[in-house]
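Reading through the structure tokens given below for one structure.
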Protein chains: 6
Amino acid sequence: MSVYVHPQGLCEAPNVGSGTRIWAFAHVLPQAVIGADCNICDHVFVEYDVVVGDRVTVKCGVQLWDGIRLEDDVFVGPNATFTNDRMPRSKVYPVEFLKTIVRRGASIGANATILPGLTIGERSLVAAGSVVTRDVPARVLVRGSPARPVSFLDADLVETAACGAAVAPYELLPGVRLCRLQTSRPGTLVATEILRDIPFAPRRFTAVEEPPDGGLIGDHARIRCSQFVVLVSGAATALVDNACERFAVRLSAPGDAILLPPGTWGGQLDFAPGSVLGIFASEDDDEADYVRDYGAFLARSGR
Amino acid sequence: MSVYVHPQGLCEAPNVGSGTRIWAFAHVLPQAVIGADCNICDHVFVEYDVVVGDRVTVKCGVQLWDGIRLEDDVFVGPNATFTNDRMPRSKVYPVEFLKTIVRRGASIGANATILPGLTIGERSLVAAGSVVTRDVPARVLVRGSPARPVSFLDADLVETAACGAAVAPYELLPGVRLCRLQTSRPGTLVATEILRDIPFAPRRFTAVEEPPDGGLIGDHARIRCSQFVVLVSGAATALVDNACERFAVRLSAPGDAILLPPGTWGGQLDFAPGSVLGIFASEDDDEADYVRDYGAFLARSGR
Amino acid sequence: MSVYVHPQGLCEAPNVGSGTRIWAFAHVLPQAVIGADCNICDHVFVEYDVVVGDRVTVKCGVQLWDGIRLEDDVFVGPNATFTNDRMPRSKVYPVEFLKTIVRRGASIGANATILPGLTIGERSLVAAGSVVTRDVPARVLVRGSPARPVSFLDADLVETAACGAAVAPYELLPGVRLCRLQTSRPGTLVATEILRDIPFAPRRFTAVEEPPDGGLIGDHARIRCSQFVVLVSGAATALVDNACERFAVRLSAPGDAILLPPGTWGGQLDFAPGSVLGIFASEDDDEADYVRDYGAFLARSGR
Amino acid sequence: MSVYVHPQGLCEAPNVGSGTRIWAFAHVLPQAVIGADCNICDHVFVEYDVVVGDRVTVKCGVQLWDGIRLEDDVFVGPNATFTNDRMPRSKVYPVEFLKTIVRRGASIGANATILPGLTIGERSLVAAGSVVTRDVPARVLVRGSPARPVSFLDADLVETAACGAAVAPYELLPGVRLCRLQTSRPGTLVATEILRDIPFAPRRFTAVEEPPDGGLIGDHARIRCSQFVVLVSGAATALVDNACERFAVRLSAPGDAILLPPGTWGGQLDFAPGSVLGIFASEDDDEADYVRDYGAFLARSGR
Amino acid sequence: MSVYVHPQGLCEAPNVGSGTRIWAFAHVLPQAVIGADCNICDHVFVEYDVVVGDRVTVKCGVQLWDGIRLEDDVFVGPNATFTNDRMPRSKVYPVEFLKTIVRRGASIGANATILPGLTIGERSLVAAGSVVTRDVPARVLVRGSPARPVSFLDADLVETAACGAAVAPYELLPGVRLCRLQTSRPGTLVATEILRDIPFAPRRFTAVEEPPDGGLIGDHARIRCSQFVVLVSGAATALVDNACERFAVRLSAPGDAILLPPGTWGGQLDFAPGSVLGIFASEDDDEADYVRDYGAFLARSGR
Amino acid sequence: MSVYVHPQGLCEAPNVGSGTRIWAFAHVLPQAVIGADCNICDHVFVEYDVVVGDRVTVKCGVQLWDGIRLEDDVFVGPNATFTNDRMPRSKVYPVEFLKTIVRRGASIGANATILPGLTIGERSLVAAGSVVTRDVPARVLVRGSPARPVSFLDADLVETAACGAAVAPYELLPGVRLCRLQTSRPGTLVATEILRDIPFAPRRFTAVEEPPDGGLIGDHARIRCSQFVVLVSGAATALVDNACERFAVRLSAPGDAILLPPGTWGGQLDFAPGSVLGIFASEDDDEADYVRDYGAFLARSGR
């Protein structure tokens with residue numbers, strides 16, 4: 001099974017994988033590299049320094065400029081628009097065009113705009129019509145202008161608000177415990193007996209809020225470190241992902257807490273205004289203990 | 001007068017109406033159905049399961065995907081982008097693509113994005129660059145990302161604020177009365193003697209505010225039911241449309257009220273923050289008394 | 001049993017009722033009239049044009065100026081201060097001093113300040129340290145500077161919030177029904193089928209909010225008129241008082257409603273910011289149908 | 001040196017200490033107990049069940065009712081007004097009058113109003129004209145209507161804002177350390193390496209905000225427990241008092257922290273809106289480890 | 001006509017003016033000085049270092065402490081309470097008591113509290129129950145806890161809002177002009193051609209807002225300096241007083257302006273939130289050009 | 001060097017400048033005029049009444065409609081979309097299409113939408129994905145939906161906040177002085193001695209705020225007029241441009257001021273909420289003194 005090029009299509013590149021189809025009025029320049037089983041639709045334009053993986057769909061009206069990289073199984077919606085120059089001026093060229101990397105399995109919605117130099121995370125989804133100005137985390141839905149993370153994908157939602165006044169501690173996943181710390185003294189938001197509530201001696205405490213420009217806190221895995229995440233005020237959604245299963249837990253009352261064992265990928269988003277989370281960690285802050293690439297995380301977990 | 005296809009255009013469909021022109025680098029697939037006197041501009045792509053009415057304009061760079069329906073006299077601006085899959089993933093297809101219906105006479109602005117499965121109402125207007133995430137009412141302008149109804153189209157604006165402290169009751173249209181109920185007691189927003197101010201014995205009362213996600217209240221006609229709409233607090237714009245004439249009335253003081261006789265199409269939008277409207281109806285709530293399709297409303301009215 | 005005057009007290013008035021005691025350093029001027037079984041404590045001063053009922057307590061450090069009237073069973077706390085001139089200037093006297101009337105059974109807290117010309121309602125309570133600038137309704141607690149009504153006295157509190165999502169209609173008192181009207185359409189605050197939900201044909205509708213300067217809405221009884229009070233937005237507390245029993249109902253969800261039969265005293269206070277109440281009345285607005293004096297209301301009811 | 005009673009004063013009590021003076025038009029009833037070297041000014045009234053310590057000043061126009069207790073060195077300003085009945089009604093008496101205890105060295109400002117049943121803490125100050133509705137902590141200034149704690153008394157103020165971007169850790173008092181934890185990651189309010197920043201292994205963590213009705217958090221000493229108080233967001237003032245010296249530390253940037261060794265009295269007030277404090281404790285929560293009475297705290301410390 | 005002392009009154013002072021009456025249970029200490037035609041009511045206490053002018057009224061329950069000065073024609077309402085020590089402690093005395101000066105013709109409302117060391121301005125009025133913590137300007141009403149200036153006394157109110165969109169320039173008083181500068185460009189609040197609109201060459205420009213703790217801006221006269229006061233944003237009330245007549249002008253639209261000729265007393269209060277006033281002055285800032293004492297201002301004007 | 005047209009491109013216009021390249025699937029209609037050295041990329045469409053200058057880049061997927069004018073050195077990003085009809089309806093044509101003028105050197109970001117009838121100023125930049133609804137000033141970055149000016153381009157940023165409490169006056173450019181007027185009186189925002197601080201006798205004063213719909217104040221040069229711009233409240237950024245150099249000055253404290261000599265181009269944007277600027281001008285308002293076109297300004301300055 002070889003490459004199909006529509007009679008009105010124009011493919012000047014020799015490096016196109018088997019099973020790939022290039023449709024009418026599409027134009028692929030000579031140096032571009034395109035994988036197998038791709039679908040390059042009508043009116044697509046592919047420049048020189050472009051690498052496209054296998055099973056990628058590029059819908060009509062899309063251009064792939066120098067510096068664009070699409071990994072396997074990426075979907076690019078119609079008229080979605082990439083860029084490679086932050087400050088474009090006619091006839092003025094940067095020394096090197098900024099690279100845009102769309103990770104494996106990501107989808108970019110119709111008519112979205114992607115600013116240059118960004119990475120679009122694995123299996124993430126950019127909502128149609130969004131304007132993406134920052135990196136997109138893996139398996140997260142971003143939306144708006146500018147686009148902000150609004151929910152975790154591929155994750156079941158657990159809502160503590162549905163559990164009534166008392167949240168009985170229970171195991172969501174092996175080693176992942178959910179509980180609600182109780183306190184009734186006025187002015188006390190959270191009270192925890194560390195030895196009773198937290199199954200490790202904490203070596204680090206962090207308090208976080210939503211970053212001023214919106215977005216996701218965390219978005220990484222820890223290798224040896226356990227974490228105990230507790231809602232201090234407001235409400236927020238915490239991800240827990242052990243590479244097999246994934247839950248998004250909506251913490252909605254001060255004291256709602258979740259325990260993340262080592263080897264768990266986590267992150268927090270959708271903070272109500274003024275919300276604060278406290279995070280206890282079993283280890284000091286050591287960059288070597290972090291896995292910041294979701295693909296690498298899956299790989300470590302044997303997936 | 002037959003179909004014109006530009007020498008560089010590609011029309012594989014036999015079902016194209018007379019007088020329709022298909023321009024350079026446009027591509028129409030075999031099963032598509034296109035009406036008469038249409039204009040299919042350069043770089044347009046039309047897939048298989050597409051039905052286009054008469055006198056439709058599709059400007060450059062637009063794609064009509066499987067499931068798109070454009071009724072007569074629709075205008076689609078350049079690079080406007082349709083979709084047919086809520087959660088696109090490369091090589092993963094839904095059982096059936098979601099349908100998008102663009103009603104008679106609607107216009108979609110340049111570079112707008114239309115999410116899948118929506119209906120764009122008759123003679124409505126989607127502002128250029130908008131991202132449409134919900135159905136668009138008939139004869140309404142929607143704008144923004146996400147797009148929200150911002151004004152009524154084809155309607156003269158009447159502002160009660162221009163009438164000074166006292167609004168003398170007057171007939172805007174046959175049977176459509178506008179008045180301002182007076183009250184001066186502190187804390188009293190509205191006071192109405194029902195038998196004096198309302199020409200029917202109310203059987204139903206509803207209080208409404210702007211829906212949390214913006215938008216239009218009402219947007220339907222009643223067949224036998226009269227309604228008396230009174231501003232309780234804030235400000236809001238009420239539509240009154242008897243199929244012959246149409247007014248948008250800006251209610252701006254508590255007590256501003258408008259009487260809608262049977263057979264009138266109504267709706268309310270552009271609520272100031274915290275606004276409340278009260279609606280008295282002459283009939284119980286009976287789904288059979290509602291006309292929710294604007295075309296059907298015009299048809300009932302013999303137009 | 002006659003009047004007791006402490007040896008260091010000074011009573012120049014002949015009109016003092018039997019059983020009344022006047023203590024050390026108190027001074028009663030000749031024309032004052034004081035009832036029976038009163039207690040006029042140390043350091044009290046009573047001017048000429050003063051009338052005090054029976055069983056009244058005037059604690060230390062209080063002055064009763066010309067124009068002050070205390071009905072039976074009134075309590076005046078220590079150092080509470082009356083006034084009788086809105087714009088006092090030395091040696092400048094108004095033609096007539098403003099009258100202050102403290103109704104039967106009212107209590108004025110310690111060190112409160114009462115501006116001139118006001119009526120303090122029957123069995124009301126002025127909190128200690130308050131500054132009273134407006135009339136005080138009967139059986140209401142007022143507090144602060146300026147003092148505002150904060151709760152109904154002698155009334156059991158019924159909270160609709162304690163009833164969960166559904167409030168089954170029930171009879172709180174004979175003829176007094178409590179219910180929660182249901183609606184789930186976005187933007188619809190209240191929807192009521194009048195013939196089903198309201199046991200009378202409404203002749204008048206009023207929408208009310210908290211007056212800009214705080215305070216109590218209503219505070220009167222209707223003789224022949226029934227009323228149906230429904231919460232449109234926010235939260236508020238509604239009084240229902242049939243002269244035998246009294247309840248304060250906390251309406252907390254749009255649609256929470258209470259039916260007041262003829263002969264019921266009502267009023268509303270403690271509005272959450274932005275709250276609106278709708279009131280349907282079975283009669284036109286007729287001043288002859290109102291009873292605005294709580295004592296007269298009790299008398300009409302044979303109490 | 002014996003008791004002095006002004007010729008126009010009236011002292012019926014035998015239990016008055018030596019050196020005490022009772023002035024004109026003052027009236028002391030027989031069972032009252034008054035200590036030595038007191039000053040009972042003109043127009044004061046003292047009821048039966050009253051106990052006054054030594055060196056107490058009671059200025060003009062004050063009444064001491066049944067149930068009032070003034071410890072040594074108390075000052076009561078002119079026309080300050082006590083109460084002993086929460087719901088006063090004429091001729092209706094509670095089974096027992098509520099007690100008011102004014103602790104050693106406290107001062108009550110002129111014309112303040114004190115509600116019944118409260119304790120006014122040691123060396124506290126009630127601002128003139130305040131209305132006190134809750135207990136007043138020791139050595140705190142309360143003000144307003146209702147009165148709220150606004151500052152610590154007898155304490156030097158240390159402002160972290162005056163220290164520039166970096167607060168070098170330093171010892172404020174023996175064992176009391178002040179520092180500013182640094183973090184610059186967006187969204188991270190506080191980051192602390194526990195073993196480096198906190199000189200104990202925490203067994204308890206608490207997050208606190210200002211109580212809804214204002215006021216003071218903490219206000220107690222711990223016997224064996226160390227505490228590490230860190231500002232998470234906003235600003236707040238933390239007291240540190242080792243019975244010898246006292247500082248009020250204004251924490252003004254997230255990460256500002258103060259270490260309290262065992263045997264330190266602490267408390268926090270004057271929270272900016274939305275502020276949160278985190279408190280790490282070296283011990284579990286054990287009521288036996290708390291000293292909640294400031295006098296007892298001083299006594300334990302040998303003062 | 002000589003001094004009258006009630007048989008139960010106690011006057012130990014020889015310096016009391018003719019026509020003054022001292023009533024029952026009042027007590028005047030030896031060194032106090034009291035003017036003529038005063039009225040010292042029951043239960044008043046006057047300490048040593050006190051000077052009271054002529055025609056002063058001191059109502060019941062008031063104490064005049066060491067350091068209190070009441071000028072002629074002052075009125076002190078019942079139970080109003082003065083102080084002379086900012087931080088009172090029993091048996092601890094300041095080196096010198098703080099002085100309180102109540103200027104000619106001022107009135108202090110019933111039960112008000114006056115903190116020590118303040119001046120209460122000429123013919124000002126302290127509302128009943130207020131707590132005064134700062135100096136009170138002349139001829140101003142202050143109210144609340146803490147008391148703030150709320151209106152000008154003895155001044156007619158002129159409201160520009162009542163003049164419609166255009167305010168024709170007119171002369172309010174000789175040389176005092178009122179006008180509304182017109183502008184319609186979006187973003188432009190005020191536009192003035194200086195040579196056309198302002199009858200002097202400005203040498204100084206000041207922009208003012210309401211001080212953070214409320215209160216009055218200005219409150220002085222200029223001797224040689226003219227001023228042109230223009231509302232930049234919001235709303236505010238400006239006083240103009242030429243010693244003969246006095247107006248309070250409510251400026252309510254940007255561009256509302258008032259010209260104050262030399263020799264005019266001015267001040268501004270009651271700023272709507274966020275309001276800004278601009279003031280052009282014909283002279284540099286020279287302390288010698290200011291008259292800050294209202295009495296001195298009247299004297300200069302020959303009144 | 002002549003025009004290059006790709007074999008799959010379609011150029012019907014004779015008026016194309018030398019060195020211009022027209023790429024595959026691009027289509028240029030006969031009457032269009034295109035300058036020299038342009039790059040007309042794949043899938044571009046150029047209608048009849050279009051004029052394009054020299055050295056212009058039009059990236060893929062763009063249409064240039066009747067009425068579009070692109071001056072020299074313009075860059076149009078991919079899928080950027082122009083319009084020429086405010087209220088498009090199929091088969092309904094305006095008498096004349098609205099003109100869009102993109103000035104010399106401007107860049108329009110990828111996938112931006114430009115509403116009809118606008119001018120995009122010289123060397124301005126429209127951010128990718130923006131929706132432009134109003135004219136874009138020269139050398140300004142606009143962003144968002146609708147697009148608003150967010151910063152000045154080609155201008156160094158000077159921040160007064162970085163200068164500490166005192167800003168020593170200094171010359172930013174010849175004749176352009178920056179200073180901070182000092183005042184410490186509560187309520188006084190700005191105080192300036194005109195003869196000392198401003199080197200001209202002001203003939204005009206203007207106060208400005210941010211226009212309700214966002215955007216830029218000023219944006220013009222004055223020929224003979226000097227201006228003194230002073231921040232009254234809040235914060236704002238002021239441009240100063242003498243045709244040789246350009247600075248954007250962030251004014252951040254009341255009293256921060258900048259002097260603009262004659263012949264300087266100025267403008268202000270990025271107002272913090274509630275900010276007000278005062279502008280003193282040395283001349284009356286005379287339209288003849290304004291230069292409102294940035295190109296004309298440069299030309300006058302000999303550039």
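Per chain, numbering begins at 1; letters A, B, ... match sequence-line order.
Contact of the Thr100(B) side chain with the Leu98(B) side chain is not registered, since no non-hydrogen atoms from C-beta on lie closer than 4.5 Å. Annotation: side chain of Val28(B) is in contact with side chain of Ile22(B) (closest heavy-atom distance under 4.5 Å). Using a 4.5 Å heavy-atom cutoff, the side chains of Arg148(B) and Val142(B) are not in contact. Contact annotation: the side chain of Arg250(A) never approaches that of Val158(A) to less than 4.5 Å [non-hydrogen atoms, C-beta and beyond]. You'll find the side chain of Val240(A) stays beyond 4.5 Å of the side chain of Trp265(A), heavy atoms only.
In this model, a donor atom of one side chain and an acceptor atom of the other lie less than 3.5 Å apart for Tyr294(A) and Asp241(A). Of the N and O atoms on the side chains of Thr160(A) and Ser252(A), at least one donor lies less than 3.5 Å from an acceptor on the other residue.
With hydrogens and angles disregarded, no donor-acceptor distance shorter than 3.5 Å links the side chain of Gln8(A) to the backbone of Ala24(A). Looking at Thr20(B), its side chain does come within 3.5 Å of a backbone N or O of Cys38(B) through a donor-acceptor pair.
Heavy-atom neighbours of chain B within the stretch residues 45-68 of chain A, taken at a separation under 4.5 angstrom, comprise Arg55(A), Val56(A), Thr57(A), Lys59(A), Cys60(A), Gly61(A). Residues of residues 74-86 of chain B that come within less than 4.5 angstrom of chain A, heavy atom to heavy atom, are Asn79(B), Ala80(B), Thr81(B), Phe82(B), Thr83(B) in numerical order. Within residues 111-135 of chain B, the residues approaching chain A closer than 4.5 Å by heavy atoms are, in numerical order, Asn111(B), Ala112(B), Thr113(B), Leu115(B), Val131(B).
Aromatic ring centroids of His27(B) and His43(B) lie 6.0 Å or more apart.
At a 4.5 Å heavy-atom cutoff, Ile108(A) makes no contact with chain B through either its backbone or its side chain. For Ala26(B), the part lying under 4.5 angstrom from a heavy atom of chain A is the backbone only.
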Any chance you could lay out the salt bridge (Lys or Arg N to Asp or Glu O under 4.0 Å) test for Asp37(A) and Arg21(A), step after step, and finish with the verdict? CA-CA 7 Å; Asp37(A) 292 319; Arg21(A) 289 162 299 165; over 6 Å; no
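Under the side-chain contact (heavy atoms from CB on, under 4.5 Å) test applied with Arg103(A), the options Val136(A), Leu70(A), Asp72(A), Asp293(A) reduce to a single match, Asp293(A). When each of Val44(A), Val5(A), Asn39(A) is tested with Trp23(A) by the rule side-chain contact (heavy atoms from CB on, under 4.5 Å), just one qualifies, namely Asn39(A).
Scored by the salt bridge (charged side-chain N to carboxylate O under 4.0 Å, His left out) test, Arg89(A) finds no partners at all (sequence neighbours excluded).
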